[in-house]
2 protein chains.
Amino acid sequence: MSRASERAYNNIRSMILSGELQPGSQIREEALAELCGVSRTPVRDSLRRLEAEMFIRRNDSQRSFVADWSLDDLEDAFQLRAMLEAHAAKRAASRVTREQLGLLRFHNAQLKQAIEMPNPDVPKFLDHNRHFHAIILAAAASERLTNMLAQVTEQPVVLRTARHYDLENLRRSHHDHDELLIAFDKRDGEWAAAVMTGHIRRAFHAYAEAHSTDTEIRKSNLAA
Amino acid sequence: MSRASERAYNNIRSMILSGELQPGSQIREEALAELCGVSRTPVRDSLRRLEAEMFIRRNDSQRSFVADWSLDDLEDAFQLRAMLEAHAAKRAASRVTREQLGLLRFHNAQLKQAIEMPNPDVPKFLDHNRHFHAIILAAAASERLTNMLAQVTEQPVVLRTARHYDLENLRRSHHDHDELLIAFDKRDGEWAAAVMTGHIRRAFHAYAEAHSTDTEIRKSNLAA
DNA sequence: CGAATGCCATTTGTATACAATAAGCTGCCC
DNA sequence: GGGCAGCTTATTGTATACAAATGGCATTCG
């Protein structure tokens with residue numbers, strides 16, 4: 001993507017993720033254009049893209065609004081994500097290369113390190129976690145699957161609440177990864193899929209809890 | 001979508017589906033704009049959309065080409081489709097309303113009629129078939145799932161070869177639908193999912209055969 | 001003769017002006 | 001006072017002109 005267009009997309013996206021653009025609020029192309037320092041053309045491109053990714057919704061008369069997801073929507077997204085990631089793990093089990101296995105081990109070791117320090121480095125954990133899942137997706141070798149997963153992984157709520165993840169959950173995640181690695185080593189797709197399903201479903205419940213406390217915090221802020 | 005933009009989208013899309021724009025061939029925005037009788041702006045919108053739907057691919061320098069899918073790609077799409085439609089059936093089993101069940105029965109009766117006539121009416125069959133699946137998707141009540149399925153259902157190759165479906169396969173499809181209806185009636189999501197998986201996988205093999213003969217025909221045409 | 005380089009043609013990206021459409025408001029009529 | 005009509009304003013859609021980037025070709029140099 002070219003310069004202006006990319007800038008607009010990244011800007012708007014991060015404004016949505018950070019909550020700077022509040023869920024449910026209307027979006028005006030011109031306003032965003034000014035904020036991003038570009039013209040409406042690249043902004044429109046970005047809005048179309050973000051609409052396809054369900055960050056933005058449009059009403060009957062083409063006006064755009066920041067998407068506002070309920071807990072049900074979140075569960076729906078996670079259900080799909082669990083299914084798709086399990087599928088990816090299954091495919092990866094029979095396709096993953098030695099090199100990819102090595103990389104997976106590396107990132108898993110790194111993310112373990114990140115939470116075993118006296119002061120856990122959560123961003124570092126999340127970064128290696130992201131790489132870990134990306135490698136599996138690459139090993140699964142299905143472009144469509146990759147596109148679809150992007151649609152359910154990068155949720156505003158998901159990213160916003162990721163930091164709430166407690167240490168115990170992070171440790172369990174690491175162990176799931178360990179088990180996945182063994183399943184890959186044995187080329188056992190069914191096992192890999194099962195582990196991945198549990199891995200994502202646990203994440204959902206962690207997120208759901210974080211989300212509800214998050215919502216309560218926001219409510220009390222509004223009330224104050 | 002507005003007039004010009006919608007026209008461009010539909011025009012280009014049908015040109016791809018019909019093969020008027022050959023797989024692999026380059027696409028120039030200006031040429032399409034003239035063909036559709038609109039300016040480049042709505043054409044660009046359409047191209048972006050079609051790119052997201054994987055009808056179009058872009059190279060490193062942003063030039064667009066009509067997507068060209070191999071048999072492997074087709075299988076990949078069908079694998080995802082089977083998984084997603086099975087998921088839809090499972091969800092639908094516990095959510096489908098009396099009214100929707102009635103509609104499903106109606107369309108299934110109609111598509112049976114379409115192939116039991118002396119002269120089978122395949123377009124009519126396909127039309128009611130489409131409705132049948134759409135109702136299940138609606139009953140599944142997941143917008144994301146609907147979007148994802150659209151991405152794997154409306155494939156150029158799929159639509160182009162649908163007509164090759166032989167009568168025996170159409171009859172089996174009808175019976176699958178019957179069984180799905182019973183599963184829905186019993187609210188048995190697992191059963192519904194299993195039937196749907198088989199339903200789609202059979203479709204894949206029918207398509208795959210049709211695709212290979214289709215490819216051979218095209219090759220011999222090129223050779224002649 | 002082959003490879004690299006610079007120029008020209010082609011194509012896409014961006015900005016902007018204008019058109020079309022929808023929302024909101026004001027004032028009128030019942 | 002309530003609701004509807006017509007106008008005004010806000011917002012999005014489309015066309016077009018121009019800018020930037022890319023690819024291909026020809027020429028030149030080793």
Side-chain angles (χ1 to χ4, degrees), chain A residues 1-16 19-68 143 147 150 156, chain B residues 1-16 19-68 143 147 150 156:
Chain A
M1 219 158 40
S2 48
R3 222 181 89 253
S5 199
E6 194 167 2
R7 244 200 11 224
Y9 175 79
N10 290 328
N11 273 340
I12 300 172
R13 188 165 171 284
S14 67
M15 282 192 281
I16 293 176
E20 195 175 334
L21 290 174
Q22 289 205 344
S25 66
Q26 184 170 351
I27 278 176
R28 277 159 304 123
E29 295 174 355
E30 188 123 26
L32 288 181
E34 279 179 34
L35 277 173
C36 302
V38 298
S39 80
R40 272 179 58 214
T41 311
V43 168
R44 283 172 64 78
D45 279 1
S46 305
L47 290 184
R48 288 273 148 73
R49 229 178 116 184
L50 292 164
E51 190 196 348
E53 294 165 0
M54 299 184 80
F55 284 111
I56 281 177
R57 311 187 62 83
R58 313 183 81 154
N59 66 8
D60 306 329
S61 58
Q62 302 300 90
R63 277 156 173 76
S64 303
F65 300 83
V66 179
D68 190 10
E143 206 182 327
N147 288 344
Chain B
M1 221 159 36
S2 49
R3 224 181 88 252
S5 200
E6 194 167 1
R7 244 200 11 224
Y9 175 78
N10 290 328
N11 273 339
I12 300 171
R13 189 166 170 281
S14 67
M15 282 192 282
I16 293 176
E20 196 175 335
L21 290 175
Q22 290 205 343
S25 65
Q26 185 170 351
I27 278 176
R28 277 160 303 125
E29 295 175 355
E30 188 121 27
L32 288 181
E34 280 179 33
L35 277 172
C36 302
V38 299
S39 81
R40 272 178 57 213
T41 311
V43 167
R44 283 172 64 77
D45 279 1
S46 306
L47 290 184
R48 288 274 148 73
R49 228 178 117 184
L50 291 163
E51 190 196 348
E53 294 165 0
M54 298 183 80
F55 284 112
I56 282 176
R57 309 188 62 82
R58 312 183 80 152
N59 65 9
D60 306 329
S61 59
Q62 302 299 90
R63 278 160 171 74
S64 304
F65 299 83
V66 180
D68 190 10
E143 204 182 328
N147 288 343

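Naming convention: chains lettered A, B, ... in sequence-line order (proteins, then strands); numbering from 1 in each chain. These values consider heavy atoms only, across backbone and side chains, with no hydrogens, waters or symmetry-generated copies.
In this structure, of D:dT11, C:dT16, C:dT11, it is C:dT16 that holds the atom nearest to the side chain of A:Arg40. Considering only the side chain of B:Arg44, C:dG13 comes nearest among C:dG13, D:dA15, C:dA15.
Ranked by how close their nearest DNA chain D nucleotide is to the 5' end, B:Val38 and B:Asp60 are led by B:Val38.
Applying the 6.0 Å contact sphere to CZ of B:Arg7 captures more than 12 heavy atoms from other residues, nucleotides or ligands. Heavy atoms of other residues, nucleotides or ligands lying less than 6.0 angstrom from CD of B:Glu30 number 12 at most. Remark: B:Gln22 CD is loosely packed, at most 12 non-hydrogen atoms of other residues, nucleotides or ligands lying under 6.0 Å away. Heavy-atom contacts from other residues, nucleotides or ligands closer than 6.0 Å to CZ of A:Arg3 number 12 or fewer.
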Where does DNA chain C pair, written as one dot-bracket string 5' to 3', with Watson-Crick or G-U pairs under 3.5 Å, ( ) inside the strand, [ ] for crossing pairs and | for another strand? ||||||||||||||||||||||||||||||

Protein N or O to nucleotides 4-7 of chain D N or O, pairs below 3.5 Å:
none

Report all interatomic pairs (protein N or O, nucleotide N or O of nucleotides 4-10 of chain C) with separations under 3.5 Å.
none

Distance-only check: which donor-acceptor pairs under 3.5 Å involve side-chain atoms of residues 33-42 of chain B, not counting sequence neighbours?
| unit_1 | atom_1 | unit_2 | atom_2 | d |
| --- | --- | --- | --- | --- |
| B:Ser39 | OG | B:Thr41 | N | 3.3 |
| B:Arg40 | NE | B:Glu29 | OE1 | 3.0 |
| B:Arg40 | NH2 | B:Glu29 | OE1 | 3.0 |

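In summary, A:Arg57 and A:Glu51 do not engage in a salt bridge, as defined by a charged side-chain N under 4.0 Å from a carboxylate O.
For C:dA15, the OP1/OP2 oxygens have a side-chain nitrogen or oxygen of A:Ser39 closer than 4.0 Å. Distances shorter than 4.0 Å separate some side-chain N or O of A:Ser2 from OP1 or OP2 on C:dT14. For the OP1/OP2 pair of C:dG13 and a distance below 4.0 Å, the side-chain nitrogens and oxygens of B:Gln62 include at least one atom meeting the criterion.
At a non-hydrogen distance threshold of 4.0 Å, nothing from residues 3-10 of chain A comes into contact with DNA chain D. Listed in residue order, the members of residues 30-37 of chain B having a heavy atom less than 4.0 Å from DNA chain C come to none.
Atom-to-atom, CG of A:Asn59 to C1' of C:dA22 comes out at 10 Å; the value is rounded to the nearest Å.
Counting any heavy atom pair closer than 4.0 Å across all strands shown, A:Thr41 reaches a base atom.
Contact of the A:Arg28 side chain with the A:Arg63 side chain is not registered, since no non-hydrogen atoms from C-beta on lie closer than 4.5 Å.
For the pair A:Arg49 and A:Tyr9, the distance from NZ or CZ to the six-membered ring centre is under 6.0 Å and the angle to the ring normal is within 45 degrees.
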